[in-house]
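Let me begin by presenting the structure, written as structure tokens, before commenting on it.
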2 protein chains.
Amino acid sequence: MPARVTTLKELAAQLDLSITTVSRALAGHQQIALKTRERVTEAARQAGYVPNTAARTLVSGRSGFVGMVLPIRGPNLVDSFLGEFVTGLGEGLVSHGTDLILAAAAQGQSELSVLRHVVESGRADGVVVTRIAEVDERLAYLRQRNFPFVAHGRLLDTDFAYNWLDTDGAHAFGEAFDMLYDLGHRHFGLVTIAEPMTFRHLRQDGLAAAIARRGDPSVRLDVATAPRFDRGARIQAINRLLHAVERPTAIVALFDELALSVMEEAARAGLTIPRDLSVIGFDNIVASAYAPPGLTTFDASIRQCAREIGEMLLTIIGGRPAAPLTRLIRPTLVSRASHGPALTGKN
Amino acid sequence: MPARVTTLKELAAQLDLSITTVSRALAGHQQIALKTRERVTEAARQAGYVPNTAARTLVSGRSGFVGMVLPIRGPNLVDSFLGEFVTGLGEGLVSHGTDLILAAAAQGQSELSVLRHVVESGRADGVVVTRIAEVDERLAYLRQRNFPFVAHGRLLDTDFAYNWLDTDGAHAFGEAFDMLYDLGHRHFGLVTIAEPMTFRHLRQDGLAAAIARRGDPSVRLDVATAPRFDRGARIQAINRLLHAVERPTAIVALFDELALSVMEEAARAGLTIPRDLSVIGFDNIVASAYAPPGLTTFDASIRQCAREIGEMLLTIIGGRPAAPLTRLIRPTLVSRASHGPALTGKN
DNA sequence: GCATAAATTGCAAACGTTTTAAATCGACCC
DNA sequence: GGGTCGATTTAAAACGTTTGCAATTTATGC
């Protein structure tokens, strides 16, 4: 069995002080004589005393943890941002000594039930919620319980006030359109997914808004929608776009994985990127730099966002701000070689 | 403030039973009358009762958590396997309802101090340790404390018995050599790193052993060593290999990131892969499929490994096995297009 | 030297659960 | 009708910490 852990009682006995005094001394209370504080601190250091989390949590009502639900998907589907996100979150929390709890939701188990468990067992002082759905029961639950949380992503319903941080996908997609338009493109394709996530609307709306802003009736947009996890259907949707009688000269993909598929299929169809087709993605995943000719995309700086989410959550947990905290991060264009001037005429 | 959480006391009052009985009923003890058990279970379900983790931990000495230290490195350095690893771990733990704690170690803060804190604060019932160093103080600490843990990776010192799971890099590198040898290669390059991690020795030794096994004195191996995080030095080391008067016809890289750099530099030097140079990596990171012409590598199936590590740890936590648990996983070759027959003569 | 105030320390309750040991309740037997 | 046994329930302690309040010690003023 593990070697015994020092407790406050032992420390008190050893110092011939009460538990109370030792506890207060370690907490740095002014009411304890400076000399005593120093003596206690030194003894604690020497004994390698580490306070018991459970006891502290029980009495104080604060666990010192921030929770997050870890969705377990199919065998080969790992959230590609998880590593970055978790690292950023850890980075944001580490200053306060707050740790991160990852509660796995088994396949089939609802994420909400795991979240409820985390919240109601008192494991966490606050939670992070990612991948916001159009109708998100997690957000409804957390608000109803009035439990501290920060969401990575927005609801479409702007009446529902809560703490969120989001990447400004709308702006990015507008920027992509403007850039491509200025390069002479008029016929656009958008590859998107069928999942009921809000980010897809935000991005698509951003694109539509930019088109409307331009006010050029010759601009045309074809949308291809594929289910999120069905690779076959995804490829099919892309190919419908690529093999239409009138092919778009520029394709914007909802995120990099789709953009990479577009580039692969384009290559398979004998198209040269960016001469025959411009492709722009979103996220700047590692592979986008390696896939020839190099994908132009937007960097969402997940790690940085997660870090800020961690900091926001800490703010909320300690002293609840009056108004919800919100933060819109503008992604930066990573210009590689997958976009270029529109092919004019037939050459 | 959050809506109140149901407690055992409330449930007991509501049912007109003692706390003891309710607790036992929910735990399914036979000594409680079946009718009572059912009555209690139903009431608990209806009230949405979730036991308080801290209280339970405090009295039982079991936290229901497994811990892991999350290293925070430089701004753009994220452990590329973290997402997969954490997902696998969660998958392995979810059956027992065990959650994962990620304790961040700030830059500069020793990983050991964070580990100590996690262990001695009673936060976790067991821990996972990854990236084993040649001299690993974490392992020494955990053993000395006799605290349940599983390591992802091995020490070189085989006298030190502990629970580990490792990828058989030695075997993979032997396999790579055999395959390349059979394709006619005789002059090999190995790109490795200078960090004191054990896996680099295991893999390099596996390569050396395979060479020795073949007993062909014409086989030659040049080793290029680069610091782990200095991109410039890495590129330099690779180029020394590529621009030697006698260039290897096949380069084996310690892991994919190095292999991708080799491919990039080879392309920059005007070499065609695999005609002029065969390259083989290790890990099968996502980008390796996208980097032209497709990197031949070994899949270490991190997620699967992590899952098994989780299961091993649960076994160890509940009823300590007499002998240490060990598991060597053989990685599978992912044959893409970066390797081929050796260029013979000058053509 | 004594009263009083200020500084310092300690007692005991509380947090919500598990668990040991003991109490209560029926039912059954003679 | 008292005793015994088994089934069922409960009281109370314990886990290690924080904290309101009281007690003690020390310093201050006259």
Side-chain angles (χ1 to χ4, degrees), chain A residues 1-2 4-41 43-44 47-65 97 117 119-125, chain B residues 1-2 4-41 43-44 47-65 97 117 119-125:
Chain A
M1 67 226 68
R4 236 181 55 283
V5 171
T6 314
T7 118
L8 219 44
K9 181 150 61 164
E10 288 172 8
L11 217 49
Q14 183 194 320
L15 286 162
D16 200 27
L17 284 170
S18 73
I19 293 178
T20 308
T21 304
V22 177
S23 171
R24 289 211 172 102
L26 290 174
H29 287 204
Q30 296 296 327
Q31 58 183 314
I32 303 296
L34 180 61
K35 222 170 103 186
T36 311
R37 289 213 298 274
E38 284 168 346
R39 199 161 65 95
V40 171
T41 312
Y49 170 73
V50 178
N52 180 291
T53 304
R56 177 174 275 186
T57 301
L58 189 56
V59 63
S60 73
R62 281 278 174 84
S63 72
F65 282 119
H117 208 260
V119 167
E120 292 174 28
S121 66
R123 281 164 153 75
D125 302 330
Chain B
M1 66 224 69
R4 236 180 55 282
V5 171
T6 316
T7 116
L8 220 43
K9 182 150 61 164
E10 289 172 7
L11 217 48
Q14 183 193 319
L15 287 162
D16 200 27
L17 283 171
S18 73
I19 294 178
T20 309
T21 304
V22 176
S23 171
R24 289 218 170 95
L26 289 173
H29 287 203
Q30 296 297 328
Q31 58 183 312
I32 304 296
L34 181 61
K35 222 171 103 187
T36 312
R37 288 213 299 274
E38 284 169 346
R39 200 161 65 95
V40 171
T41 311
Y49 171 71
V50 179
N52 180 291
T53 304
R56 177 175 274 184
T57 301
L58 189 56
V59 64
S60 74
R62 282 277 174 85
S63 72
F65 283 119
H117 208 260
V119 167
E120 293 174 28
S121 66
R123 280 164 153 74
D125 302 331

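Computation of the quantities below employed the complete heavy-atom set of this structure, encompassing side-chain atoms and omitting hydrogens, waters and symmetry-equivalent molecules. Each chain gets a letter, A, B and so on, in the order its sequence line appears, and its residues count up from 1.
For B:Thr53 against B:Ser63, the heavy-atom pair with the smallest separation is CG2-O, 4.1 Å. Nearest heavy atom pair, residue B:Leu26 against residue B:Tyr49, reads CD1-CE2, 3.6 Å. Of all non-hydrogen atoms in B:Ala43 and B:Gln14, the two that sit nearest each other are CB-NE2, 4.3 Å.
Judged purely by distance below 3.5 Å, without hydrogens or angles, the side chains of A:Arg123 and A:Ser121 pair a donor atom with an acceptor atom.
Residue A:Tyr49 has a polar side-chain atom (N or O) positioned under 4.0 Å from OP1 or OP2 of D:dT17.
For A:Thr21, the side chain to side chain contact (heavy atoms under 4.5 Å, CB included) partners two or more places apart in sequence, or in a different chain, are A:Leu17, A:Ser18, A:Ile32, A:Thr36. In this view, A:Ala47 and A:Thr6, A:Leu11 satisfy the side chain to side chain contact (heavy atoms under 4.5 Å, CB included) rule, not counting sequence neighbours. Looking at residues two or more places apart in sequence or on another chain, you find a side chain to side chain contact (heavy atoms under 4.5 Å, CB included) between B:Gln31 and B:Arg24, B:His29. Partners of B:Ile19 by side chain to side chain contact (heavy atoms under 4.5 Å, CB included), not counting sequence neighbours, listed by chain and number: B:Leu8, B:Lys9, B:Ala12.
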Would you tabulate the pairs of protein nitrogen or oxygen atoms and nucleotide nitrogen or oxygen atoms of nucleotides 7-11 of chain D closer than 3.5 angstrom?
residue, atom, partner, partner atom, Å
D:dT9, OP1, B:Thr36, OG1, 2.9
D:dT9, OP2, B:Ala33, N, 3.2
D:dT9, OP2, B:Thr36, OG1, 3.4
D:dT10, OP2, B:Ser18, N, 2.9
D:dT10, OP2, B:Ser18, OG, 3.2
D:dT10, OP2, B:Thr21, OG1, 2.9
D:dT10, O4, B:Arg24, NH1, 2.6
D:dA11, N7, B:Thr20, OG1, 3.3
D:dA11, N6, B:Thr20, OG1, 3.1

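Atom pair A:His29:NE2 and C:dT8:C1' shows a separation of 14 Å (rounding to whole Å applied). If you measure from atom NZ of A:Lys35 to atom C1' of C:dA7, you get 14 Å, rounded to the nearest angstrom. In this structure, the NZ atom of B:Lys9 is 7 Å from the P atom of C:dG16, given to the nearest Å. Rounded to an integer number of Å, the gap from CG of B:Leu11 to P of C:dT18 is 12 Å. One can place CD of A:Glu120 at 14 Å from P of C:dG16, the figure rounded to the nearest angstrom. Straight-line distance from the CZ atom of A:Arg39 to the C1' atom of C:dT8: 13 Å, rounded to whole Å.
Of the residues in residues 52-62 of chain A, those placing a heavy atom less than 4.0 Å from an atom of DNA chain D are A:Asn52, A:Ala55, A:Arg56, A:Val59, in numerical order.
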